[in-house]
Amino acid sequence: MTIRVIIVDDQAMVRAGFAALLAAQTDIDVVGEAPDGRQGIDVSRRVHPDVVLMDVRMPEMDGLAAARELLDPPVGVTHVPRVLMLTTFDVDDYVYEALRAGASGFLLKDAPPADLISAVRVVAAGDALLAPSVTRRLIADFARQRPSGAGRGGAALRLNGLTPRETEVLELIARGLSNQEIAGQLVLAEQTVKTHIGRILAKLDLRDRAQAVIFAYEAGVVVAGGA
């Protein structure tokens, strides 16, 4: 199945470069582009992409505001794409809020071409894109911005539905380990880890791995400063 993508970035050369790279793939079709968040929303609702590549910083409407509108649409709008944030820095001021809004991850603009192509495929498949190193820095940023224990009550109660093993897997996800690393640490098959993650997401009503990381910090599964 062909992955339908739109590119939202205020730099024309960035849009053109990404479009050329992605369009050269047999399984990816670039179906639109826009120079700001507002136009990106309009294009998305018109062409119904599977994945929106969304720059964080843009005029008119930034990527965070646009992501919020796309991922929490008004009544009557049924299409909800997956959003992959594009950023110049690996921890942007807006990245944490974008993940909380439901974005499926973020990618550095200077990442190798192969990483961009892989990212689109990963997000389109329903997974989240959070590199371990970026996850760890996101955690540190979260710890600085939120006081200890803030917002934990409701989130912590939801943990009661997880088995001890699922809680253990959630902690390792939040610490930035990949599925392969989790499998090695817990001496499990990688497919078993994937099964645990699927159950964790279902039980906690989370969209993907990115939201699992955010939830783990809010629930106190991972202690600030312990990452």
Side-chain angles (χ1 to χ4, degrees), residues 51 54 64 67-68 70-72 80-85 87 90-92 94-107 118-146 148-186 188-227:
V51 177
M54 181 78 74
L64 174 58
R68 282 176 173 154
L70 286 175
L71 296 167
D72 186 20
V80 180
R82 293 194 173 268
V83 177
L84 178 61
M85 306 301 294
T87 180
D90 56 358
V91 175
D92 190 281
Y94 294 148
V95 165
Y96 174 73
E97 290 302 327
L99 294 176
R100 290 199 70 191
S104 293
F106 56 96
L107 185 72
S118 175
V120 168
R121 290 171 177 155
V122 165
V123 170
D127 205 348
L129 189 79
L130 281 177
S133 62
V134 176
T135 302
R136 293 182 185 113
R137 291 188 61 180
L138 177 67
I139 291 164
D141 193 54
F142 172 86
R144 286 194 300 270
Q145 291 185 30
R146 290 176 68 89
S148 178
R152 286 187 181 177
L157 286 175
R158 291 164 63 190
L159 288 172
N160 294 335
L162 300 184
T163 66
R165 175 65 86 187
E166 288 165 352
T167 303
E168 195 172 14
V169 170
L170 176 61
E171 177 184 352
L172 295 177
I173 291 172
R175 291 192 183 281
L177 274 66
S178 66
N179 288 359
Q180 185 176 21
E181 290 169 334
I182 294 172
Q185 182 154 330
L186 299 182
L188 298 171
E190 192 168 347
Q191 185 56 50
T192 302
V193 172
K194 291 180 181 179
T195 300
H196 282 310
I197 293 173
R199 289 173 178 165
I200 290 166
L201 298 180
K203 288 182 178 181
L204 297 178
D205 192 25
L206 301 173
R207 180 185 174 100
D208 54 30
R209 194 185 194 98
Q211 288 197 332
V213 171
I214 299 300
F215 175 88
Y217 290 105
E218 294 185 332
V221 173
V222 179
V223 179

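Numbering starts at 1 and runs along the sequence shown. Excluded from the calculations below are hydrogen atoms, water molecules and symmetry mates; all remaining heavy atoms, backbone and side chain alike, are included.
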Tell me which donor-acceptor pairs under 3.5 Å the side chains of residues 190-200 have, and how far apart each pair is, sequence neighbours excluded?
| from | atom 1 | to | atom 2 | distance (Å) |
| --- | --- | --- | --- | --- |
| T195 | OG1 | Q191 | O | 3.0 |

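With sequence neighbours excluded, the residues that form a side-chain hydrogen bond (donor to acceptor under 3.5 Å, both in side chains) with R165 are E168.
In terms of heavy atoms, L204 sits closest to L170 at CD1-CD2, 4.2 Å. A pairwise comparison of heavy atoms in L71 and G102 identifies CD1-C, 3.3 Å as the closest pair. In this structure, E166 and G161 approach most closely via the heavy-atom pair OE1-O, 4.3 Å. Here the closest non-hydrogen pair linking V213 and A174 is CG2-CA, 4.3 Å. Of all the heavy atoms in A103 and M85, the pair that sits closest is CB-CG, 3.9 Å. Closest approach of A67 and V83 over heavy atoms only: CB-CG1, 4.2 Å.
To the nearest 0.5 Å, atom CD of residue Q185 and atom CG of residue L177 are 5.5 Å apart.
Looking only at side-chain heavy atoms (C-beta outward), F215 and L201 stay at 4.5 Å or farther from each other.
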